[in-house]
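Remember, it's 1-based here, ligands and their atoms both numbered in the order they're listed. No hydrogens, no waters, no symmetry mates; every other heavy atom, side chains included, goes into these values. All figures in this text were calculated on a predicted structure; none of them were measured in a lab.
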Amino acid sequence: METMSTTGTVTKSALSAVPLHPLLAERWSPRAFDTDHELSSPQLTSLLEAARWAPSAANTQPWRFSVAVRGTAEHAAVMEALAPGNQAWAHAASALVVVAAQTVAADGSPQPWAVYDTGQAVAHLSIQAEHEGLAVHQLGGFDRDRITMLLDEPGLAPQVVIAVGRRGAVEQLPEPFLSREVAHRDRLPVDDIVVPIQSRPLAAAS
Ligand SMILES: Cc1cc2nc3c(=O)[nH]c(=O)nc-3n(C[C@H](O)[C@H](O)[C@H](O)COP(=O)(O)O)c2cc1C
């Protein structure tokens with residue numbers, strides 16, 4: 001259900017068959033961010049700590065984060081690499097964080113779970129952000145070559161840029177972003193995401 005507060009921020013709680021933890025139910029990806037908000041050092045630390053403590057294959061911890069705080073040269077460089085439809089609103093977030101996966105280890109061996117693990121670390125970070133009164137919007141719409149050049153580290157594959165900040169008033173958004181901001185959140189029914197396991201003998205399956 002979508003509701004708008006007197007300050008113009010929107011809440012869009014997940015409609016679930018059973019109650020979810022409020023940090024999960026209330027998380028959603030905003031485009032309206034508060035330009036008065038600056039990410040504090042403790043807030044940034046808590047986000048990175050949450051990511052750091054995610055599980056990973058053989059504890060390889062292949063996630064890498066590059067933080068660009070609004071108003072810095074690094075932020076301008078990351079902004080330029082975003083797709084125009086993301087630039088239109090992501091500039092208002094307090095920081096843009098480039099998330100990359102170390103898909104190749106220092107010794108040259110592949111790390112096949114790196115992308116999976118990195119997504120999991122971002123999920124941790126997103127929920128910690130909600131706990132801190134912040135919000136995260138992940139962005140896959142960016143120029144990969146450009147971001148790869150900004151990182152300049154071998155074996156690092158950019159995955160997402162995350163806009164982090166405090167939710168802002170929706171009225172600041174131009175269309176079509178304003179309509180998207182107040183739109184209903186939807187998900188596939190649980191039945192559509194559950195796939196039965198076949199119990200036929202292995203010989204019959206081959
Ligand atoms: C990997 C990934 C890439 C995404 N890329 C974009 C993007 O480029 N632009 C955008 O506005 N939202 C982007 N999103 C946000 C999704 O559209 C959003 O998470 C989804 O619609 C569900 O909405 P919710 O997070 O509010 O529940 C991305 C999310 C993920 C996880």
Identify the protein heavy atom lying closest to [atom], giving its residue, its atom name and the separation to 0.1 Å.
{"atom": "atom 29 (C) of ligand 1", "result": "Q138 O, 3.7 Å"}
{"atom": "atom 11 (O) of ligand 1", "result": "R31 NH2, 3.0 Å"}
{"atom": "atom 12 (N) of ligand 1", "result": "H137 NE2, 2.8 Å"}
{"atom": "atom 26 (O) of ligand 1", "result": "S29 N, 2.8 Å"}

Nearest heavy-atom approach of R180 to R31 is CB-NH1, 3.6 Å
Requested in this report: Check A93 against A163 and note the closest heavy-atom contact, atom names and distance.
Outcome: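 So the two residues come closest at CB-CB, 3.8 Å.
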In this structure, does ligand 1 have an atom that sits under 4.0 Å from one of the heavy atoms of [X]?
{"X": "Q159", "answer": "no"}
{"X": "W89", "answer": "yes"}
{"X": "K12", "answer": "no"}

Distance under 4.0 Å to a non-hydrogen atom of [X]: what atoms of ligand 1 satisfy this?
{"X": "V160", "answer": "1 (C)"}
{"X": "R187", "answer": "22 (C), 24 (P), 27 (O)"}
{"X": "N86", "answer": "7 (C), 8 (O), 9 (N), 10 (C), 11 (O)"}
{"X": "R185", "answer": "24 (P), 26 (O), 27 (O)"}
{"X": "G140", "answer": "3 (C), 4 (C), 5 (N), 6 (C), 7 (C), 8 (O)"}

Quick check on W28: does its CH2 atom have over 12 non-hydrogen neighbours (other residues, nucleotides or ligands) under 6.0 Å away?
yes
Could you check whether atom 20 (C) of ligand 1 has a protein contact, counting only heavy atoms that fall below 4.0 angstrom?
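When distances to the protein are checked, atom 20 (C) of ligand 1 has no heavy atom within 4.0 Å.
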Evaluate the 4.0 Å heavy atom contact test for atom 6 (C) of ligand 1: does a protein atom fall under the cut-off?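 There is a protein heavy atom less than 4.0 Å from atom 6 (C) of ligand 1.
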Worked verdict on R166 versus E38 for salt bridge (Lys or Arg N to Asp or Glu O under 4.0 Å) = CA-CA 9 Å; R166 194 164 63 195; E38 290 179 9; over 6 Å; no
Would you call [X] and [Y] a side-chain contact if the rule is heavy atoms closer than 4.5 Å?
{"X": "I162", "Y": "L139", "answer": "no"}
{"X": "L82", "Y": "V161", "answer": "yes"}
{"X": "V69", "Y": "H75", "answer": "no"}

Do [X] and ligand 1 have an N or O pair less than 3.5 Å apart?
{"X": "L139", "value": "no"}
{"X": "W28", "value": "no"}
{"X": "G141", "value": "yes"}

Side-chain atoms of residues 147-159: list all donor-acceptor pairs with protein atoms under 3.5 Å, sequence neighbours left out, distances to 0.1 Å.
{"residue": "T148", "atom": "OG1", "partner": "R144", "partner atom": "O", "Å": "2.7"}
{"residue": "Q159", "atom": "NE2", "partner": "A157", "partner atom": "O", "Å": "2.9"}

Next item on the list: Check whether the side chains of S13 and E26 place a donor and an acceptor atom closer than 3.5 Å, and report yes or no.
Entry: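 Present: a donor and an acceptor within the cut-off.
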Regarding E130 and S126, is there a side-chain donor-to-acceptor distance under 3.5 Å anywhere?
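The answer is no; no qualifying pair exists.
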query: Which word best sums up how the rings of W89 and H137 line up, parallel for under 30°, tilted for 30 to 60°, or perpendicular for over 60°?
result: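 Tilted.
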